[in-house]
Amino acid sequence: SEIAEFLHHGAEQITPNILHGIHKKLPALKLQFAEINAPEFPHLVEQLEFLADVVEDFVEGADNDLPYVAVAEAAYALVYAHNELGLIPNHINHVGRADDSAVVRAVLIENERVLSEYAERHDLEWSLVTVSRDHLPQRRLQLTGVSSVVHLRRSLKPFPQPGSPFRESPRCRRPAN
C-alpha cells in the first residue's frame with residue numbers, strides 16, 4: 001500500500017542518532033499523545049503508547065530481540081503523529097488523525113509477528129493494542145488525492161521532531177491472575 005511505502009521511506013531516515021534523539025523526547029511525546037482526543041480512532045493513543053514502549057525498550061537494551069527496521073518504523077510513526085501538519089492537519093475535525101492512525105496501523109500490520117512477540121514477552125495483551133482487520137469499523141474514510149500527497153511528502157523528505165514517555169498503559173496490561 002502507499003501508506004506502507006510512505007512508512008518505509010520515513011523509517012529509512014531513522015539513523016541510530018535520530019533514534020536516540022527520539023528516545024530522549026519520549027516523555028514529552030507520551031504526554032502529548034495522552035491528550036489526543038480522537039473518538040474516530042479509539043485505539044490510537046494506546047497504539048502510540050505501545051510503539052513508544054517498543055522504542056524505549058530497544059534503546060535502553062531492555063529488549064534486544066526486536067529488528068532495527070521494526071523499531072525505526074515505530075519511531076517514525078511517533079515522529080509523524082507528533083507532527084501537527086502531516087498529510088492531513090490534526091486540527092481538522094473528525095479526520096485530522098486519520099493519517100496518523102494509518103501510519104501507526106501500517107507499523108502494526110507490517111511488523112505484526114515481531115510486535116506481537118514483543119507484547120507477549122512484556123506481558124501485554126496484543127489484542128488490546130491492535131484491532132483485527134476483520135473487526136475494523138465498516139465506516140471508512142474516503143481520502144481522495146492521498147496518492148499524490150504521499151508522493152509530494154516523499155519529495156519534501158518528511159522529518160523529524162522526536163520524543164515520547166509511555167510505559168505500560170493500564171489499558172494494555174493483562175489482568176493479574
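Excluded from the calculations below are hydrogen atoms, water molecules and symmetry mates; all remaining heavy atoms, backbone and side chain alike, are included.
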Working to the nearest 0.5 Å, report the span between [atom1] of [X] and [atom2] of [Y].
| X | Y | atom1 | atom2 | value |
| --- | --- | --- | --- | --- |
| Leu78 | His23 | CG | NE2 | 11.5 Å |
| Glu49 | Leu44 | CD | CG | 10.0 Å |
| Leu66 | Asp57 | CG | CG | 8.0 Å |
| Ile18 | Gln13 | CD1 | CD | 7.5 Å |
| Phe33 | Asp100 | CZ | CG | 8.0 Å |

Less than 4.5 Å apart, side chain to side chain, heavy atoms only: is that true for [X] and [Y]?
| X | Y | result |
| --- | --- | --- |
| His82 | Lys25 | no |
| Asn111 | Tyr118 | no |
| Gln47 | Arg105 | yes |
| Val104 | Phe41 | no |
| Leu7 | Tyr80 | no |
| Leu108 | Leu51 | yes |
| Leu48 | Ile36 | yes |
| Asp65 | Arg121 | yes |

If hydrophobic clusters are built from ILVMFWY residues whose side chains come within less than 4.5 Å, do Tyr76 and Val69 share one?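 Unlinked, Tyr76 and Val69 end up in two clusters.
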
Mind listing the closest non-hydrogen atom pair of [X] and [Y] along with its distance?
| X | Y | value |
| --- | --- | --- |
| Ile14 | Ala72 | CG1-O, 3.6 Å |
| Ser116 | Arg113 | OG-O, 3.0 Å |
| Val45 | Ala34 | CG1-CA, 4.2 Å |
| Ile3 | Ala106 | CG2-CB, 3.9 Å |
| Ala62 | His122 | O-CE1, 4.2 Å |
| Ala74 | Val54 | CB-CG1, 4.4 Å |

Just jot down the side-chain contact (heavy atoms from CB on, under 4.5 Å) partners of His20, sequence neighbours excluded, or say none.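 Scan of His20 (side-chain contact (heavy atoms from CB on, under 4.5 Å), adjacent residues dropped) gives Val59.
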
Any donor and acceptor pair, going by atom type alone, linking the side chain of Arg97 with main-chain N or O of Ala81 inside 3.5 Å?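 Yes; judged by distance alone, with no hydrogens or angles, the pair exists.
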
Any residue meeting salt bridge (Lys or Arg N to Asp or Glu O under 4.0 Å) with Glu12, in chain and number order, not counting sequence neighbours: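 None.
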
